[in-house]
Amino acid sequence: MTDGHDDEDRWARLARATDALASGADFAARVQAAVQREPARRSTWMAATLCALGAVAALTMVFAERAETSLDTDALAAVAHVEIVP
Amino acid sequence: MAAGDRDAFTVVVEHTQARLFRLSARLVGDAAEAEDVLQEAYLKAFRGLSEGDVPAEIEAWLYRVVTNGALDALRRRAVRRAVPDPEPALGALPAVNATEAHAALAELNAWLADLPPEQRAALVLSALEGASNAEAARALGVSVGALEQLLVRARATLRKRRDRHD
């Protein structure tokens, strides 16, 4: 027991008393100022989309290059198999 | 993030700060430190939101962010082994009931000072915030069973100390 009250009474009293707690009058302005100082960020979904687009573009270039190489090889093979009939 | 989003976030702050400040103050037991914890929680939330991490229930999410921030502050305090500030910032309290609220916060801080941060937070959420065991467990990121253990240990510690003083 504490001063004739048990813990439950003490909790109830402290809960009532601390209900009156409030932040300082300038707190919201302080938070707003801190938020304003935050650097602008690109949304994750936008970053992810851009990354995906970049990857697609890179893959497209690689496949295009391979396709071109493959075409050249085929063309060379075709030339190599041309039989010259005297 | 666009200016409109910052304005929208300001509305979130205005709408939630009374409840969250009370939570923060009760958890850390000091009005000035509670403001620091809450401001950091809001900034963390703002960063999360601006990166597209938008929770379904923003107030419940903020409640968890503040609880975690307060826990971190209590852990840092435990490491520092600092003596609680006997004069929490009165300027952070309203004029009406300021003295009573200030005295109650100081009493709460002294009463719970010896408890490990997790036990202290569990008790504050349960006994002062009126959270159910499930809500308190969610806020602390533990199972309901673990929360019940924290409450049992915390109450036992307070009871032992009370018995020593009687």
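Just so we're clear, the structure is a prediction, and the values are computed from it rather than from any experiment. Below, chain A is the first sequence line, B the second, and so on; all start at residue 1.
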Checklist entry - CG of Asp19(A) to CZ of Arg22(B): how many Å apart, nearest 0.5 Å? => result 5.5 Å
Next on the checklist: Is it the case that the side chain of Glu35(B) and the backbone of Gly24(A) share a donor-acceptor pair, with hydrogens and angles ignored and the cut-off at 3.5 Å?
Outcome noted: yes
Checklist outcome for this item: Distance col, row Glu8(A):CD vs Arg155(B):CZ, nearest 0.5 angstrom, shows 6.0 Å
Checklist entry - Does the distance from a Lys or Arg side-chain N to an Asp or Glu carboxylate O, for Asp7(A) and Arg162(B), drop under 4.0 Å? => result yes
Checklist entry - Looking at CD of Gln36(A) and OG1 of Thr10(B), how far apart are the two atoms once the value is rounded to the nearest 0.5 Å? => result 7.0 Å
Checklist entry - For the side chain of Arg6(B) and the backbone of Gln32(A), is there at least one donor-acceptor N/O pair under 3.5 Å apart? => result no
Next on the checklist: I need the minimum non-hydrogen distance between Phe27(A) and Gln39(B), along with the two atoms involved.
Outcome noted: CZ-N, 3.9 Å
Checklist entry - Side chain, backbone, both or neither: which part of Asp26(A) has an atom under 4.5 Å from a heavy atom of chain B? => result neither
Checklist outcome for this item: Shortest non-hydrogen pair, Thr18(A) vs Ala104(B), comes out as CG2-CB, 3.9 Å
Which atom pairs, one a donor and one an acceptor, fall under 3.5 Å between side chains of residues 143-151 of chain B and the rest of the protein, sequence neighbours left out?
| residue | atom | partner | partner atom | Å |
| --- | --- | --- | --- | --- |
| Ser143(B) | OG | Ala146(B) | N | 3.0 |

Next on the checklist: Does any backbone or side-chain atom of Leu38(B) lie under 4.5 Å from a heavy atom of chain A? Answer side chain, backbone, both or neither.
Outcome noted: both
Checklist entry - Going from CG on Leu14(A) to CZ on Arg26(B), what distance comes out if it is rounded to the nearest 0.5 angstrom? => result 9.0 Å
Checklist entry - Hey, mind stepping through Trp11(A) and Leu123(B) against side chain to side chain contact (heavy atoms under 4.5 Å, CB included) and telling me if it holds? => result CA-CA 10 Å; Trp11(A) 282 119; Leu123(B) 263 185; 3.7 Å; yes
Item to check | Between CG on residue Leu21(A) and CG on residue Leu23(B), distance to nearest 0.5 Å | outcome: 11.5 Å
Next on the checklist: Do Leu125(B) and Val152(B) sit in one hydrophobic cluster, given that two such residues count as connected whenever their side-chain heavy atoms are within less than 4.5 Å of each other, even indirectly?
Outcome noted: no
Item to check | Segment of Leu112(B) engaging chain A (4.5 angstrom heavy-atom cut-off) | outcome: side chain
